[in-house]
There are 2 protein chains.
Amino acid sequence: MARDGTPTGAPTTLELLWGTAERPSRGPKPRLSVDKVVQAAIGVADAEGLDAVSMQRVAQELGYTTMSLYRYVSSKEQLVELMVDTAIGSAPEVEGVPGGWRAGIHILAREMVAVFRRHPWLLRHKLEGPPQGPCSLSWLEQGLRAFSTSGLGSAEMVQAFMFLDGAVRELARVLGDVEQAQRRAGLTADQAERDYGRFLRGIPADRYPALAAVAADGAFEAADPADRPEVEVEIEFGIERLLDGIEAYVAAQRAARE
Amino acid sequence: MARDGTPTGAPTTLELLWGTAERPSRGPKPRLSVDKVVQAAIGVADAEGLDAVSMQRVAQELGYTTMSLYRYVSSKEQLVELMVDTAIGSAPEVEGVPGGWRAGIHILAREMVAVFRRHPWLLRHKLEGPPQGPCSLSWLEQGLRAFSTSGLGSAEMVQAFMFLDGAVRELARVLGDVEQAQRRAGLTADQAERDYGRFLRGIPADRYPALAAVAADGAFEAADPADRPEVEVEIEFGIERLLDGIEAYVAAQRAARE
DNA sequence: TAGATCTGTGTATTACTTACACTAAATAGT
DNA sequence: ACTATTTAGTGTAAGTAATACACAGATCTA
């Protein structure tokens, strides 16, 4: 059956993610492993960004040839999927955390931002489909655990979590990008006027009056370099409103039922 | 100065986006235009996805050679940026819409989802930095116009809008992906059991109890093929909660001030 | 009309993924 | 121990992509 080059039924991405790949007992022992390959790739991405990750580069990092990696991973795309689930890591436990379900959600959001800080390239990769890897799912799992005492229904919990997840991701990305651009422009973030704010002030105020007004108000220079965890702060507002809204919704439902 | 191949100071992405490119008065008139190139590329992406967009493919579509495109666009990356801002189009006007600011936000969200339905590849491209193109900014502008009567402060409006925008994008992407996967699997969406739901039921319930419980509850089969605009419905929940929360926040602030 | 300058093209280079075939190693069964 | 079988890692080459560079012809300005 395996007379051709095919590695005896190439493991699918899901099998690799869940470690459902039974090692064949025949043949030479592999010197590498999927995990080593993934770790090396993550190392490259952390140091030089996702664009620097090529099969050649990863192989070189490990001291192997490009082709040998394809014994562990069936394509670069698959490698990146594995990198993403590995780098995101397991979600923190939120069950029984002091402060109730709202505190749990906050912990999740903050830890998520922290992960994105550690691996900025995670935000430069578009996910495909709903979460499927063990780690990605652990975040959903913890999100549901947190929400489980909120009074929401099953479907509502899922919707709420995905809503939150999307918002945090996108906000973290934008704020991270802006921060990085600032750091690149004027190395002293002070002297270089906030880049985006300046850009917005150059925009035709007649076509974008609301934007101009808000920019003039300084809404885009808010980011104070003294406030280290600025990203978290900016995201916090939306989270608080969302959680307030959820709380009110549950209360209203309860009231209506009685 | 322009003795080399350089097109006399290649226009930056921003200049192209804002049409700030003064046509030189010397030399032959260009037969193509940036807009034609972008439109052709969007056509390819709409029909066959973003991966099908290559410089060669777009050139072929226009009946030109690959290299001629580089006279209008300085890189493929730039082309994609232009595609994105063009395809997203101008946001609908929300000022003075019946139903107040909440209605305005809903209109924006719904129209955004509609755009993503028309150009699914928009959700497969990672944005870089905050919105900068005229169309992308028009969405922010309209968002701010909507929020302007909500009672939020400048910075809060921006944060709220970006939060919402991120959530809508990510939710639309996930739901779109799932929908597409279902369509691909069983062409009659009915007979093929909801794919993701089935996948989740195969997951170790001891490590993911909350997830298992929710899946067993049928939270992932909710999507009813009869309900056409299912995506919109699933997103609506989060939006409503967020807007409720914002309303409550403003009310509380007002109360505290007096 | 002369000169400058721009458009579109052709060629070549580089980088990357991947198909395929080969070797060398390790095990299983005899 | 011996042999067949299976698998790990390598080498080569193909195919696709982006893009650097230079040239030919077109067209405007003076």
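Just so it is clear: chains get the letters A, B, ... in the order the sequence lines come, proteins before strands, and each one is counted from 1.
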Inset, instruction - Just jot down the side-chain hydrogen bond (donor to acceptor under 3.5 Å, both in side chains) partners of B:E81, sequence neighbours excluded, or say none. - result: none
Legend entry - Any side-chain heavy-atom pair of A:F163 and B:L164 under 4.5 Å: yes
Inset, instruction - Provide, to the nearest angstrom, the distance between the CZ atom belonging to A:R31 and the P atom belonging to C:dA24. - result: 13 Å
Inset, instruction - Rounded off to whole Å, could you give me the CD-to-P distance for the B:Q60 and C:dT9 pair? - result: 14 Å
Inset, instruction - Would you indicate which nucleotide in C:dT18, C:dT9, D:dA8 comes nearest to any side-chain atom of B:Y64? - result: C:dT9
Legend entry - Interatomic distance where CG belongs to A:L69 and C1' belongs to C:dC16 [whole Å]: 13 Å
Inset, instruction - Could you walk me through whether B:F116 and B:R169 pass side chain to side chain contact (heavy atoms under 4.5 Å, CB included), step by step? - result: CA-CA 8 Å; B:F116 292 146; B:R169 287 188 121 90; 4.1 Å; yes
Legend entry - Nearest-Å distance for atom pair OH/P, residues B:Y72 and D:dT19: 18 Å
Legend entry - A:Y70 side-chain proximity, nearest of D:dT10, C:dG8, C:dT18: C:dT18
Inset, instruction - Please tell me if the side chains of A:L127 and B:E170 come closer than 4.5 Å, counting only heavy atoms from C-beta onward. - result: yes
Inset, instruction - Do nucleotides 11-17 of chain D as a string where each nucleotide becomes B, S or -: B if the base has a protein heavy atom under 4.0 Å, S if just the sugar-phosphate does, - if no protein is that close. - result: BB----B
Legend entry - Residue-phosphate contact under 4.0 Å: B:R71 side-chain N/O, C:dT7 OP1/OP2: yes
Inset, instruction - Would you indicate, yes or no, if D:dA8 has its OP1 or OP2 atom less than 4.0 angstrom from a side-chain nitrogen or oxygen of A:S68? - result: no
Inset, instruction - Assign B:S75 to base, sugar-phosphate, or nothing according to its heavy-atom contacts below 4.0 angstrom with the strands shown. - result: sugar-phosphate
Inset, instruction - Any salt bridge (charged side-chain N to carboxylate O under 4.0 Å, His left out) involving residues 129-138 of chain B? Give me the pairs, sequence neighbours left out, ordered by first then second residue. - result: none
Inset, instruction - Applying side-chain hydrogen bond (donor to acceptor under 3.5 Å, both in side chains), run through A:W139 and A:D165 and close with a yes or a no. - result: CA-CA 9 Å; A:W139 290 85; A:D165 180 77; over 6 Å; no
